[in-house]
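Every chain is numbered from 1, with letters handed out A, B, ... down the list of sequences.
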Amino acid sequence: MAKKPSIPKGTRDFSPLEVQRRQYIMNKIQHHFELYGFMPIETPSFENSDTLMGKYGEEGDRLIFKILNSGEYLKKTSPELLETGKENQLTSQISEKALRYDLTVPFARYVVQHQNDITFPFKRYQMQNVWRADRPQKGRFREFTQCDADVVGSNSLLQEVELVQLYDAVFTDLNLKACTIKINNRKVLAGIAQVIGADDKLIDFTVALDKLDKIGKEKVQEEMLSKGIDQKAIDLLDPVFSLTGSYADKIASMKVLLKDSQIGLKGIEELEFINSSITQMPLKSAVLDLDITLARGLNYYTGCIFEVAAPEGVAMGSIGGGGRYDDLTGIFGLKDVSGVGISFGLDRIYLVIEQLNLFPDSVRAGVEVLFINFGKSESQYCAGWLSRFRESGIKTELYPDSAKMKKQMSYADRNAIPYVILAGENEINDGKLNLKNMASGEQLQLTPEDIISRLR
RNA sequence: GUGGUUGUAGCUCAGUUGGUUAGAGCGCUGGUUUGUGGUGCCGGAAGUCGCGGGUUCGAAUCCCGUCUUCCACCCCA
C-alpha cells in the first residue's frame, strides 16, 4: 500500500455527522444574529499582509500564516538579507499576502473600503474560517471557525447590552446552561495602571493580572515585579486582588480605588450601565460576571471586553470573546467610527456540547427511508415511489444494487436509517409497500400514500 | 517559540532482558435455509511496526535525527 495520506497539523476532516452537528450550531447562531438585526458578509480567506500585520501585537504577528509570493519570490530580496536572517524584513519581501487571523480586522478593512456604500450604524455577521500558526492543543486548532457579530458607527452602550443578550440567547438555545459571560473594561484597567503609577507598563500589567485565577496572587506579583512594576505599585493593587462579592459590590470597591482616575471612573460608569440594563431584562441562562482581572482580547480593544467561559466542570478555554474598539477603522484611514463586537468559537462550542452530551438525537446525517433492492423490475416499481417520497420532503434512497438482504439490512442498520421499505412480488401485486421500523422491528403492509402521510 | 508525550492491521491497543513466518479485540469480507439488520457459530483478507540513518550476526524493541499526536507554557476561539 502506498504511504498513507495525511493533513497538516492542527487541521481536521469532518465526518458527515460532525458536519451535521457543526451546522446545527451555526444555524442557531445565525438565527439569533439575524433576529438581532445583523446582516451577513464574507471576506477573502487571505488579505494583503499589511492589512493584518501589526494589529494583533507582536505575538499575533508571529502567529499569522504568511503566503509565499508566487513565481520567483526571491527576486526582490538580496543575498545579504538572507544571510543576516532579519526575518521581519525578509518576510515582507517574499510574502505579500497572509491568511486571515480573525474576522474583526478584515471587517474593519471592509468598512473602510466600502464606507460610501454603507449606512451607519452597520451591523454585520460573518461565519468563516480563520487560521493561526499556533501549536495545536486541547480546543486549539490551526484552522477553525469563528462566528462574529459586530456593530460599527455607534457609540451607544446599548450595543454592549444587546451583545450580552445575544450571547445569552444563543447559549440558551443550544441548551448550554450557566455559561459565564465575563465582562471588564479596558478603561478600568488603564485607570488602575494610572492610579498605581504604571501607565507605561499597561500591557505587561494586564497580561500579568489576567493570570490571577490561574497562578494565584503571589505569582502574579512576581511576574509584575519582573516586568519592572515596583513593589509600591503592587501594594496599591491589593484591593484588586481581593475583590469579591456581587457585580455591584465590586463596582463599589473599584470606585474607591479609581477615585482619582477620570478614565477609570468612565469605565466603571459603563460597566454600571450595562449591569443595570441587564438587571432590568434578566438573562435566560447565562451569568454576567464582572471580572476585573479579565484583560485578554486583542490589542485594538478600548472599552468593554467580553469573554465567555463554558459551564462549570468543562475544561475548555474561552468559547467566545469580544469587545469595543474605538479606532480600528482609524488604522485604515476612517476616523471616529467606533465598533463593538462578539465572537463565537464554533469548534470549542462543539467540543463543549459534545462533552456534555447535548447534541439532540435528531441531528444526524443520512436518509429516513431505504428501499430494499430486489432486482431490476422491483426497483423500477420503487423508483416511481422514490420520487414521490422525495417530493414530500422525505429523505429517501434506494439501495443501488440487488445485493443480499442481509447486506442491505445491515447497511440500513449501520447508517441508523429508521425505516426500510420492502417491495417485492407480493407487495407489487397488492399495490402496497412493506414498511419496517428498524428500531422496533414492526412491519406493516401499507399503501404508499399511507406511508408518506405517516412519515411526513 | 519553550517543555513533555505519542506513533505497531481500517479503529483501539498487546508485544516479555534485541532472536525463527509480529498478535488480540472491534471492524471489514464470505458462509451459517434461496425475502429481513442489530446477539451466536465457522472461515478469510489485511501491517517493509511513522520516516531516515546508526549500533548488531540479528532491531517493532537500543542510539541519533526528522515528521506526527496529545498535553502544559506563551498566547488565544
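Here the nucleotide nearest the side chain of A:Met409, chosen from B:G35, B:G1, B:G37, is B:G37. Across B:G31, B:U36, B:G37, the shortest atom-to-atom separation from the side chain of A:Met438 is found for B:G37. Of the candidates B:C75, B:G35, B:A77, the closest approach to any side-chain atom of A:Val207 belongs to B:C75. Distances were taken from every side-chain heavy atom of A:Arg140 (C-beta onward) to each of B:A72, B:U69, B:C75; the shortest belongs to B:C75. Checked against B:C28, B:A72, B:G35, the side chain of A:Arg135 finds its nearest nucleotide in B:A72.
With a cut-off of 3.5 Å on both pairing distances, the Watson-Crick or G-U wobble partner of B:G65 is B:C51. Base pairing analysis places B:A60 opposite nothing; no Watson-Crick or G-U wobble pair with both distances below 3.5 Å involves it. Base pairing of B:G43: its partner is B:U29, meeting the Watson-Crick or G-U wobble criterion (both donor-acceptor distances under 3.5 Å).
Separation of the A:Phe65 and A:Tyr101 ring centroids does not fall under the 6.0 Å cut-off. The distance between the ring centers of A:Phe371 and A:Tyr399 does not fall below 6.0 angstrom.
In this structure, A:Arg414 reaches the sugar-phosphate backbone alone: every heavy-atom distance under 4.0 Å involves primed, P, OP1 or OP2 atoms, never a base. As judged by a 4.0 angstrom heavy-atom cut-off over every strand, A:Gln146 is placed among residues touching the sugar-phosphate backbone only. At the heavy-atom level, A:Phe141 lies under 4.0 Å from base atoms of the strands shown. Using a 4.0 Å heavy-atom cutoff across all strands shown, A:Lys407 reaches sugar-phosphate atoms only and no base atom. Within 4.0 Å (heavy atoms only), A:Lys406 reaches at least one base atom of the nucleic acid. When heavy atoms are screened at a 4.0 angstrom cut-off, A:Glu427 is found touching base atoms of the nucleic acid. A:Gln443 comes within 4.0 angstrom of a base, heavy atoms only. Counting non-hydrogen atoms under 4.0 angstrom, A:Gly57 reaches nothing in the nucleic acid. Within 4.0 Å (heavy atoms only), A:Ala423 reaches no atom of the nucleic acid at all. A:Gly441 comes within 4.0 angstrom of a base, heavy atoms only.
Residue order along RNA chain B, read from the 5' end via each residue's closest nucleotide, puts A:Lys404 first among A:Gly424 and A:Lys404. Nucleotides of RNA chain B nearest to A:Asp347 and A:Lys214 differ in position, and the one nearer the 5' end is that of A:Lys214.
When the side-chain nitrogen and oxygen atoms of A:Lys9 are compared with OP1 and OP2 of B:C70, none of them lie within a distance under 4.0 Å. Within the structure, a side-chain polar atom (N or O) of A:Gln137 is placed less than 4.0 Å from OP1 or OP2 of B:A72.
No side-chain heavy atom of A:Tyr419 sits less than 4.5 Å from a side-chain heavy atom of A:Met438.
Distance, A:Gln445 CD to B:G35 P: 17 Å, rounded to whole Å. Atom CD1 in A:Ile428 sits about 12 Å away from atom C1' in B:G35, given to the nearest Å. At whole-Å resolution of the value, CG in A:Asn426 and C1' in B:U36 are 14 Å apart. The interatomic distance linking A:Leu422 (CG) with B:U36 (C1') rounds to 7 Å, in whole Å. Residue A:Leu435 contributes atom CG, which lies 14 Å from atom C1' of B:U36 at whole-angstrom precision. Atom CD of A:Glu59 and atom P of B:C75 are 7 Å apart (whole Å). Protein atom CG of A:Asn437 is 16 Å distant from nucleotide atom P of B:G37, rounded to whole Å. For A:Asp210 and B:C74, the CG to P distance is 10 Å, given to the nearest whole Å.
You'll find a donor-acceptor pair under 3.5 Å spanning the side chain of A:Asp413 and the base of B:G37, going by distance alone. One can find a donor-acceptor pair under 3.5 Å joining the base of B:A77 and the side-chain atoms of A:Arg132.
The separation of B:G30 from B:A14, taken at their P atoms, amounts to 31 Å, rounded to a whole angstrom. B:U8 and B:G4: their C1' atoms are spaced 23 Å apart (whole Å). The P atoms of B:A59 and B:C75 are separated by 48 Å, rounded to the nearest whole Å. Here the separation of B:G50 from B:G15, taken at their P atoms, is 15 Å to the nearest Å. Here, B:C11 and B:U5 have their P atoms 25 Å apart, quoted to the whole Å. Comparing B:C64 with B:G18, their P atoms are spaced 16 Å from each other, to the whole Å. Remark: the separation of the P atoms in B:G38 and B:C28 is 10 Å, to the nearest Å. To the nearest whole angstrom, the two P atoms, one in B:G10 and one in B:A46, are 11 Å apart.
Aromatic ring orientation, A:Tyr325 versus A:Tyr301: tilted (interplanar angle from 30° to 60°). Using a 30° and 60° split on the angle between ring planes, A:Phe171 and A:Phe344 fall in the tilted class, from 30° to 60°.
Neither side chain, A:Ser377 nor A:Gln380, offers a donor N or O lying under 3.5 Å from an acceptor on the other. Side chains of A:Asp289 and A:Thr180: no donor on one and acceptor on the other come within 3.5 Å. A donor-acceptor pair shorter than 3.5 Å can be found between the side chains of A:Arg324 and A:Ser338.
Of the candidates A:Tyr36, A:Phe107, A:Phe33, A:Phe38, A:Tyr125 forms a ring-ring contact (aromatic ring centres under 6.0 Å, His included) with just one, namely A:Phe33.
For A:Tyr411 and B:G37, the ring-to-base geometry does not satisfy the stacking test (centroid distance below 5.5 Å, interplanar angle below 30°).
Around the CG atom of A:Leu455, the shell of radius 6.0 Å holds more than 12 heavy atoms that belong to other residues, nucleotides or ligands.
The stretch residues 310-328 of chain A comes close to RNA chain B through A:Ser318, A:Ile319, A:Gly320, each having a heavy atom under 4.0 Å from the strand.
Distance NZ/A:Lys211 to NZ/A:Lys219: 11.0 Å, rounded to 0.5 Å.
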